[in-house]
Amino acid sequence: MTTTTPQFKRFQLTYLVVYAVMMAADWLQGPYQYELYMYYQYDRGDIGLLFIAGFGASAIFGTFAGSMADKYGRKLNAILYAVLYGASCVTKHYRNFWILMFGRFLGGIATSILFSAFESWMVAEHSKRQYNESWITHTFSYMFMTNFGVAIASGFLGQAGVSYYGGNPVAAFDLSMACCVLGGILVLLLWDENYGNTGGDSVMSAMKTAVQKVSADRKLWLLGSIQSCFEAAMYAFVFMWTPAIKQGGDVPLGIVFSCFMISSAFGGYIYKYLAQKWPVERVLRVVFAVSLASMVVPIVTSHQATLAVAFCVFEATVGIFWPGIGTLRSRYVPEEERATIMNLFRIPLNVLVCILLLKVGDLSISTVFIITSAMHAMCFGMQTVLVADIDAAIAAKDAPSEREILNEV
């Protein structure tokens with residue numbers, strides 16, 4: 001492995017510091033979105049509509065976020081993220097439903113930028129400065145670990161802020177706004193501007209090709225369906241874990257959230273050992289069985305400690321899922337349509353989440369977890385089909401090694 005240079009390390013640090021601050025702005029809000037709306041005495045139906053506004057804005061704007069960053073500049077988009085997300089935090093000081101709705105819309109747009117412009121800036125800048133191509137894997141690795149570390153720290157910081165202000169959850173959003181201001185200043189002072197390539201096929205042409213390839217390859221549509229079901233169930237969990245765990249009384253949400261992130265980090269840590277010992281397809285089948293079991297728990301009990309343990313187990317499966325599904329995407333999704341197909345996978349995800357949130361006001365907590373359990377059962381079933389396809393390939397090729405077959409299919 002080529003040794004990195006001091007110049008590269010400075011570039012890497014410049015990016016990761018900004019990335020950490022901007023991610024902190026997002027993570028600080030996580031445990032308190034639902035809590036704030038309950039603090040303002042909205043019911044679950046209204047809260048569901050507010051969440052839908054965020055998901056809807058992200059889904060609609062997400063299609064164009066990457067191209068806008070390419071055309072107008074990644075640095076400018078990063079600053080726009082800070083402005084929009086900071087403005088969304090300001091709206092949290094108002095109880096008015098439509099002001100809160102506007103804030104969720106701004107937050108949804110900002111989230112689309114967060115998950116496109118920042119990584120795009122880093123990749124383009126890495127290439128422009130002609131650093132060794134293999135070094136970019138270092139940066140991605142540090143991003144993964146930084147993200148979990150920031151999430152854990154944000155949970156404790158948010159809890160401290162809310163406690164200091166007498167339990168008012170808006171304090172977490174004020175801390176988030178401070179991160180947006182700091183992050184925007186850092187981008188303005190430390191980053192150079194870069195742009196992408198605006199050429200290529202139209203969005204509709206690329207989508208048509210992607211749909212054709214997914215339709216023709218069972219591995220692809222299984223993979224896309226698994227990703228959509230698991231992530232939709234995960235977002236439903238994000239929406240419902242707070243009311244579920246508070247059935248047994250008040251609980252320090254920031255501390256619980258940090259425990260979730262520690263569990264996810266643990267899952268991500270053990271993934272590389274699991275993948276070394278077993279094929280990823282089989283690892284994920286076990287993961288889906290465990291995630292299903294953990295989501296059954298809130299259906300049968302409201303005991304707070306039991307729910308906390310079950311939810312931490314689920315977060316550990318999430319930590320394994322992310323690198324696992326990424327490995328399968330790298331194996332099965334064709335490189336020339338990778339971004340388009342990945343965006344295509346997110347369309348059913350957003351539809352599922354919006355439908356669930358539209359109905360959540362009419363559903364009990366246990367009913368929502370029955371639905372999420374069904375989604376995890378579907379993931380397990382589809383993953384079993386995928387593994388069966390692998391077994392059939394092994395039998396047909398009479399291969400001595402399962403891993404050799406996995407590298408071919």
Could you list the donor-acceptor pairs under 3.5 angstrom formed by side chains in residues 80-89, with sequence neighbours left out?
| unit_1 | atom_1 | unit_2 | atom_2 | d |
| --- | --- | --- | --- | --- |
| Y81 | OH | M22 | O | 2.9 |
| Y85 | OH | D26 | OD1 | 2.6 |
| S88 | OG | Y85 | O | 2.7 |

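- The number of heavy-atom neighbours closer than 6.0 Å to CZ of F266, taken from other residues, nucleotides and ligands shown, is 12 or below.
- The number of heavy-atom neighbours closer than 6.0 Å to CD of Q130, taken from other residues, nucleotides and ligands shown, is 12 or below.
- Within 6.0 Å of CZ in F11 there are more than 12 heavy atoms belonging to other residues, nucleotides or ligands.
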Notebook entry, point to check: Do T91 and N96 pass the side chain to side chain contact (heavy atoms under 4.5 Å, CB included) test, and can you show the C-alpha distance, the side-chain angles, and the key distance before you say yes or no?
Noted result: CA-CA 9 Å; T91 66; N96 182 275; over 6 Å; no
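- R218 is linked by a salt bridge (Lys or Arg N to Asp or Glu O under 4.0 Å) to D389, counting only residues two or more places apart in sequence or in another chain.
- When the side chain to side chain contact (heavy atoms under 4.5 Å, CB included) test is applied to V290, the partners found at least two apart in sequence or on another chain are V286, V313, T317.
- A salt bridge is defined here as a Lys NZ or Arg NE, NH1 or NH2 lying under 4.0 Å from an Asp or Glu carboxylate O, and R74 with D192 fails to meet this definition.
- Proximity of V318 to F237: side-chain heavy atoms (C-beta onward) are nowhere separated by under 4.5 Å.
- Remark: L50 CG to L100 CG distance equals 6.0 Å, nearest 0.5 Å.
- R104 forms a cation-pi arrangement with F51, by the criterion of a distance under 6.0 Å to the ring centre and an angle within 45° of the ring axis.
- Here Y19 pairs with nothing under the side chain to side chain donor-acceptor pair (under 3.5 Å) rule; sequence neighbours left out.
- The closest side-chain heavy-atom distance from K128 to N194 is below 4.5 Å.
- Annotation: side chain to side chain donor-acceptor pair (under 3.5 Å) contacts of K246 (sequence neighbours excluded): E35.
- Taking the six-membered ring for Trp and the full ring otherwise, the centers of W241 and F260 sit less than 6.0 Å from each other.
- Counting heavy atoms of neighbouring residues, nucleotides and ligands inside a 6.0 Å radius, atom CE of M101 exceeds 12 of them.
- Applying the side chain to side chain donor-acceptor pair (under 3.5 Å) test to pairs two or more places apart or on separate chains, those with a residue in residues 366-381 are S291-H376, S364-S366, S364-T367.
- The distance from the CD1 atom of I226 to the SG atom of C379 is 6.5 Å, given to the nearest 0.5 Å.
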Note to self: Apply side chain to side chain contact (heavy atoms under 4.5 Å, CB included) to residues M261 and W27 and explain how you reach the verdict.
What the structure shows: CA-CA 10 Å; M261 292 302 99; W27 282 119; 3.7 Å; yes
Next item on the list: Report the C-alpha separation of H126 and Y15 in whole Å, then their side-chain angles, then the decisive distance to 0.1 Å, and conclude whether the ring-ring contact (aromatic ring centres under 6.0 Å, His included) test is met.
Entry: CA-CA 10 Å; H126 185 103; Y15 172 69; over 10 Å; no
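- Residues meeting the side chain to side chain donor-acceptor pair (under 3.5 Å) test with S225, sequence neighbours left out: none.
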Compile the donor-acceptor pairs under 3.5 Å between side chains in residues 165-191 and protein atoms, sequence neighbours left out, one pair per line.
| unit_1 | atom_1 | unit_2 | atom_2 | d |
| --- | --- | --- | --- | --- |
| N168 | OD1 | V170 | N | 3.1 |
| D174 | OD1 | H93 | NE2 | 2.6 |
| S176 | OG | A25 | O | 2.5 |
| S176 | OG | Q29 | NE2 | 3.0 |

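- One finds the CD1 atom of I320 at 10.5 Å from the CZ atom of F288 (value rounded to the nearest 0.5 Å).
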Return all side-chain donor-acceptor pairs below 3.5 angstrom for residues 298-311, not counting sequence neighbours, or 'none' if the list is empty.
| unit_1 | atom_1 | unit_2 | atom_2 | d |
| --- | --- | --- | --- | --- |
| T301 | OG1 | H303 | N | 3.0 |
| H303 | ND1 | T306 | N | 3.3 |
| H303 | ND1 | T306 | OG1 | 2.9 |
| Q304 | NE2 | I245 | O | 2.9 |
| Q304 | NE2 | G249 | O | 2.9 |

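- Among residues two or more places apart in sequence or in another chain, the side chain to side chain contact (heavy atoms under 4.5 Å, CB included) test is passed with A232 by L349, L352, V353, M375.
- From F230, atom CZ reaches atom CZ of F380 across 14.0 Å, with rounding to the nearest 0.5 Å.
- A distance of 14.5 Å separates CZ in R282 from CG in L274, rounded to the nearest 0.5 Å.
- Residues passing the side chain to side chain donor-acceptor pair (under 3.5 Å) test with S264 are E315, sequence neighbours excluded.
- Here the CD-CG distance, from E281 to L223, works out to 9.5 Å after rounding to the nearest 0.5 Å.
- Counting only distance, with no hydrogens or angles, the side chain of Q159 and the backbone of F156 share no donor-acceptor pair below 3.5 Å.
- Partners of D46 by side chain to side chain contact (heavy atoms under 4.5 Å, CB included), not counting sequence neighbours, listed by chain and number: Y42, D43, L49, F97.
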